[in-house]
Amino acid sequence: EEEEEEVEDGEDMLQTGSKEELAEQFKHIMMERFLGGQDGDHISYLDIDNNEQYDDLVLRSRDAEDAYFDEESEEECDSTQQIEDDREFNPPPLRPRKRSESPDKS
């Protein structure tokens, strides 16, 4: 019965084409089935999810680094804002202007 349903859907059927086109169609169908969780009878998704050998460690490292620097940037923004706020409420003391020495006009 399941095979009949798949045939009726037509999604999992290979179309006509060259050998390369059929291979691409096959890979696409199999990838969609895998990503859609339809291969549970043939593969254990939990084994894949829990196996660190399949993890993209470069991507994870990059994500961790991005998160670290994003956090650091937020702290910098907070401290910069705090400094600006402090200046607004506590301006630096006024200093008398230095008078430039002007030549005598005698």
Same apolar cluster: M31 and I43, side chain cutoff 4.5 Å: yes
Side-chain heavy atoms of K27 within contact of E24, under 4.5 Å: yes
Shortest non-hydrogen contact from Y45 toward F34: OH-O, 3.0 Å
Donor-acceptor contact present, side-chain Y54 to main-chain D47, <3.5 Å: no
Side-chain (N51) to main-chain (Q53) donor-acceptor, under 3.5 angstrom: yes
D39 to M30 - nearest heavy-atom pair and separation: OD2-O, 4.1 Å
Rounded distance [0.5 Å steps], CZ in R62 versus CG in L57: 12.0 Å
Backbone of S18 reached by a side-chain donor or acceptor of E21 within 3.5 Å: yes
